[in-house]
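First up is the structure itself, then whatever we jot down about it.
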Protein chains: 2
Amino acid sequence: MLKEKYSQYSFILDRTARRVKQYAQTSFLQNAFDITIDQWSILKILFHADPMTHKELAEKSGKDQPTLTRIVDIIIKKQLAERIEHPQDRRSLQIRLTASGEKKVAQLSPAVKNIRMKAWENLSEEDFGHFTRILNTIYNNLDQ
Amino acid sequence: MLKEKYSQYSFILDRTARRVKQYAQTSFLQNAFDITIDQWSILKILFHADPMTHKELAEKSGKDQPTLTRIVDIIIKKQLAERIEHPQDRRSLQIRLTASGEKKVAQLSPAVKNIRMKAWENLSEEDFGHFTRILNTIYNNLDQ
DNA sequence: TAGCAATTATTAGTGTGACAACTAATTTAA
DNA sequence: TTAAATTAGTTGTCACACTAATAATTGCTA
């Protein structure tokens, strides 16, 4: 194994992830979507499966609970979502979209998909398979 | 094109990049390396090619200049590097490792490589080729 | 060569990520 | 049945990413 060569992967991975995020964020800004991509990712999950507790939402989004709390605070301040009490567990809170939040997701979805697709120019269906397989293998290798 | 399916790539990319970073950072912490991985990435570049200006270092590391300034501030505070005036251009500053910084890079290098390699268990030389090709294609697709 | 545009680095502001510590509520186990 | 452990969520702190704005310097050009 050529460790020196392989070790470069983290640089490539990190800079690509940052550029993907930055590209989407810039597009959001130019189109005056008025939310960040991380806020978008939470709204989109809620759109398909609300209400959800913080914990469920954290798992589904891959974010930790403190980060999620802060993002939820922001989308609530923007009146796109709201916290409601959990019917059984008083420790728990459920989050659900407001009418305004649902409208936002419905409106923005097609544009977001187009923004996301730009990354896949010059790449094939097969590449997509490699991509998900390799990245998920790395993800699982580092699971402990 | 199945936009809905392809759009998932950004989630996978982001969470894998975060886990790689977090895994390395946790290992650094457990081994009391006393630096972050981003600080490490800057030290390592300097080790092979110092002195360098902020601008060159920003390009080489793939970080923007404000971020780089802060990281350099921190490694200087830790006395691992120092700023020196550019001989020709008074706007410019060069950064170079201190003796302590060079020692740190030399000492930590083998351990860092081992930490990095864990991600590649169950993956092949060919996978590494796909990985770099696909990620760099995405990176370039979003270039402007 | 005077004026202005471009370049280098920094600062300020906002958002996110990881970790630790904390409160409140619930579950478990003595 | 109460004390201890666990769980849900929040807050605080530090580090990093990105944008915009600024200061100092350099270089072009009219």
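In what follows, chains are A, B, ... by sequence order, proteins preceding strands, each numbered from 1. Worth saying up front: this structure is predicted, and the values here are computed from it rather than measured.
Heavy atoms only, all atoms of each residue included: A/Val20 and B/Ser10 are closest at CG1-CB, 4.1 Å.
The distance between atom CG of A/Leu57 and atom P of C/dT16, rounded to the nearest whole Å, is 13 Å. Atom NZ of B/Lys55 and atom P of C/dA6 are 14 Å apart (whole Å). One can place CG of B/Asp73 at 9 Å from C1' of C/dT10, the figure rounded to the nearest angstrom. Remark: P of C/dT7 and CD of B/Glu56 are 15 Å apart, rounded to the nearest angstrom.
Close approach of DNA chain D to chain A, defined as any atom under 4.0 Å from a non-hydrogen atom of the protein, starts and stops at D/dT7 to D/dT19.
B/Leu68 comes within contact range of no nucleotide atom at all, as no heavy-atom separation falls under 4.0 Å. Among the atoms of the strands shown, none is found under 4.0 Å from any heavy atom of B/Gln25. Among the atoms of the strands shown, only primed sugar atoms or phosphate atoms (P, OP1, OP2) are found under 4.0 Å from some heavy atom of B/Ile74. Nucleic acid contact for B/Arg83: sugar-phosphate only, since backbone atoms but no base atoms lie under 4.0 Å from a heavy atom of the residue.
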Practice item. Carefully, step by step, assess B/Asn136 and A/Arg15 under the rule side chain to side chain donor-acceptor pair (under 3.5 Å). Key: CA-CA 9 Å; B/Asn136 284 331; A/Arg15 76 170 191 178; 3.1 Å; yes

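Salt-bridge annotation for A/Asp73 and A/Lys77: absent, with no side-chain N of the basic residue lying under 4.0 Å from a carboxylate O of the acidic one. Using a cutoff of 4.0 Å between basic side-chain nitrogens and carboxylate oxygens, A/Asp38 and A/Lys63 are scored as salt-bridged. Looking at B/Arg70 and B/Asp64, no side-chain N of the basic residue comes within less than 4.0 Å of a carboxylate O on the acidic one, giving no salt bridge.
With contacts defined as side-chain heavy-atom distances shorter than 4.5 Å, the pair B/Gln39/B/Leu80 does not qualify.
Dashed line: the shortest gap from a side-chain N or O of B/His86 to OP1 or OP2 of C/dT8 is not under 4.0 Å. Using a 4.0 Å cut-off, no side-chain N or O of B/Ser92 falls inside it from OP1 or OP2 of C/dT8.
With DNA chain C read from its 5' end, the first of the two nearest nucleotides for B/Gln94 and A/Ile37 is the one closest to B/Gln94.
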Study note, to complete from the structure: In 5'-to-3' order, the base (B), backbone-only (S) or no-contact (-) status of each nucleotide in nucleotides 17-26 of chain C, using a 4.0 angstrom heavy-atom cut-off, is BBBB----BS

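Side-chain N or O atoms of A/Ser61 include none that pairs as donor or acceptor with a backbone N or O of A/Ile42 at under 3.5 Å.
For B/Arg90, the salt bridge (Lys or Arg N to Asp or Glu O under 4.0 Å) test picks out no residue, with sequence neighbours left out.
Relative ring orientation between B/His130 and A/His130 is described as parallel, the plane-to-plane angle staying below 30° on a 0-90° scale split at 30° and 60°.
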